[in-house]
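Sequence positions, counted from 1, serve as the residue numbers for this chain.
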Amino acid sequence: MVTKISKLIRSTDDLMALIRNGSPMTRGEKMRLAAWLSMPSMLAQLSTIVMEYIDAAMVGSLGAEASAAIGLVSTTIWLMGGLCSACATGFYVQVAHCIGAKDFDGARAVLRQSIVAVLTVGIALMLIGIAISHNLPIWLGGDQNICTNASLYFLIVSISLPIIQLNMLAGGMLRSSGNMHVPSMLNVLMCFLDVVFNLLLIFPTRTIALGNIELTLPGAGMGIVGAALGTLIAIAISASLMLWFLFCKSEMLSLKGTVGRFRPQKNTIIKALKISLPMSVEHTIFCGAQIVITIIVAPLGTAAIAANAFGIIVESLCYMPGYGIGESATTLVGQSLGAGREQLARSFARITVGMGMGVMTMMGIVMYATAPWVMQFMTPDLTVQSLTVSALRIEAFAEPMFAASIVAYGVFVGAGDTLMPCVMNLISIWGVRIVLSALLVGRMGLNGVWIAMCIELCFRGVIFLVRLAGKKWSRKR
């Protein structure tokens, strides 16, 4: 098995070298490279979803109120995580361009400067999260009986933000160099560790019967707080290993034995801001819209809040493979344009978007068929099960066009073209989803909110495909 993985890594490296060396590539080689880069990322994304499924099922077994407490603050957590991701992206896209141009010293210089920059952002976000943690659930309109747990969960996640920031940076840097395997394997490890620590921290010590054998499982009985702590510990271990590999073992980016300045330089920061700032503004307003959706759903009651949160988690099984393919698109397009090969970048864009739409279409069909069984696993609450199944079957019809927007966005990020795609995202979610949700929720309840989401995702996919068909995004900046 190890030998096969080594051969696959070597084959991927050989094909990536064709990009940097200006060598011609057949369509088969392009498709094979796109698939080989996508598979590890897809595996990592899917393992993350499995982790979220198991986490949600563990918390769901504590009751609908526990699920609603996490669901209430989840959109704000996504906001914080998205800002961390945008900050890291501004630097690792520069690294992809440097590697494509075979400027490995320049790539290491950007890496050094990025460490100080992203840590500063991560610590600032942590302090903001700590400051608002007590009042946030109240601001979001949560019932008094879930606010305390929601506040504690958000506080612990906020404390972990600098670690999350470094983990995102290290993973992005490795992927930009063409190394998809190490970040993916460490993400799988992180998911496994998260499940283990959650089992130990969420539930109290208990005895289970296996035939004639009784087995005692240790536990801290910390409930929702245990879920947050388990995730924090798992991320810390993964981030430590990711940083060690990046700094000491990466063939292209290792800092071992090299000398350079860690103080961020003006030119590097300006380039990072041009990429990251539009993404940060977009993600802030985007998650603001998600928070508005949470406020729209909150008056429908605890069951609706829990069902909305479960629906988002379950649907992620469909769209996370799209994000995995989007990550490979960012690497392929970034290195192609760094090497000055615009036509190759456009070819990779078409291949990866088509691949994403095909995979997510199949996943949407699977989600539609298996939604009732999945929800029986996720929660024993029959009302929550019914509401979530209905929402998921509505959303299944949006998956092909959602894929188009996800992967096309990854293409544009690789090109350093983030301003216009961010504007398109904002127009779509605020002009279509929010407006339709507000209009439909009164008549159709939670189904109205998810119908609005389905319509908006289809609209977003169309406008992203239109932009992808043009040439402005691939021009040198």
Backbone N/O of Y92 and side chain of H97: donor-acceptor pair under 3.5 Å: no
I'd like to know if the side chain of T388 reaches the main chain of F310, judged simply by a donor and an acceptor atom lying under 3.5 Å from each other, with no hydrogens or angles considered. no
Under 3.5 Å, side-chain donor or acceptor atoms of residues 265-274 against the rest of the protein: list the pairs with distances, not counting sequence neighbours.
from	atom 1	to	atom 2	distance (Å)
Q265	NE2	R263	O	2.9
T268	OG1	Q113	OE1	2.9

Taking the side chain as every heavy atom from C-beta outward, state whether I325 and I406 have any pair of such atoms under 4.5 Å apart. no
Applying salt bridge (charged side-chain N to carboxylate O under 4.0 Å, His left out), name anything that partners E456, two or more places apart in sequence or on another chain. R433, R460
Indicate yes or no: at least one non-hydrogen side-chain atom of E399 is less than 4.5 angstrom from one of M357. no
Main-chain N/O of V182 paired to N179 side chain as donor or acceptor, under 3.5 Å: yes
Any donor-acceptor N/O pair, W450 side chain to E395 backbone, under 3.5 Å: no
How long is the gap from CD1 on I233 to OG on S238, to the nearest 0.5 Å? 13.5 Å
Donor-acceptor contact below 3.5 Å, side chain S386 vs main chain L382: no
I'd like to check L140 versus T76 (side-chain heavy atoms, cut-off strictly below 4.5 Å). Are they in contact? yes
For a 4.5 angstrom cut-off between non-hydrogen side-chain atoms, does V110 reach Q94? yes
Applying side chain to side chain contact (heavy atoms under 4.5 Å, CB included) to V157 and Y153, what does each step give before you reach the verdict? CA-CA 6 Å; V157 172; Y153 187 86; 3.9 Å; yes
Without swapping roles, check the side chain of S276 against the backbone of A86 for a donor-acceptor pair under 3.5 Å. yes
Side chains of I128 and M80: closer than 4.5 Å at any heavy-atom pair? yes
Counting N and O atoms only, with roles assigned by atom type, does the side chain of T89 sit under 3.5 Å from a partner on the main chain of S85, one being a donor and the other an acceptor? yes
Chi angles and distances behind the side chain to side chain contact (heavy atoms under 4.5 Å, CB included) call for F91, V118: CA-CA 9 Å; F91 293 99; V118 302; 4.1 Å; yes
Say whether, by atom type as modelled, one donor and one acceptor occur between the side chain of S405 and the main chain of F402 under 3.5 angstrom. yes
Looking at M424, is its backbone amide N or carbonyl O close enough to the side chain of S428 to form a donor-acceptor pair, meaning the two atoms are under 3.5 Å apart? no
Give a yes or no on whether the backbone of V413 and the side-chain of T330 come within a donor-acceptor separation of less than 3.5 Å. no
F397 and Y368 aromatic ring geometry - parallel, tilted or perpendicular at 30°/60° bounds: perpendicular
Result for side chain to side chain contact (heavy atoms under 4.5 Å, CB included) between M242 and one of L186, L169, L166 points to L186
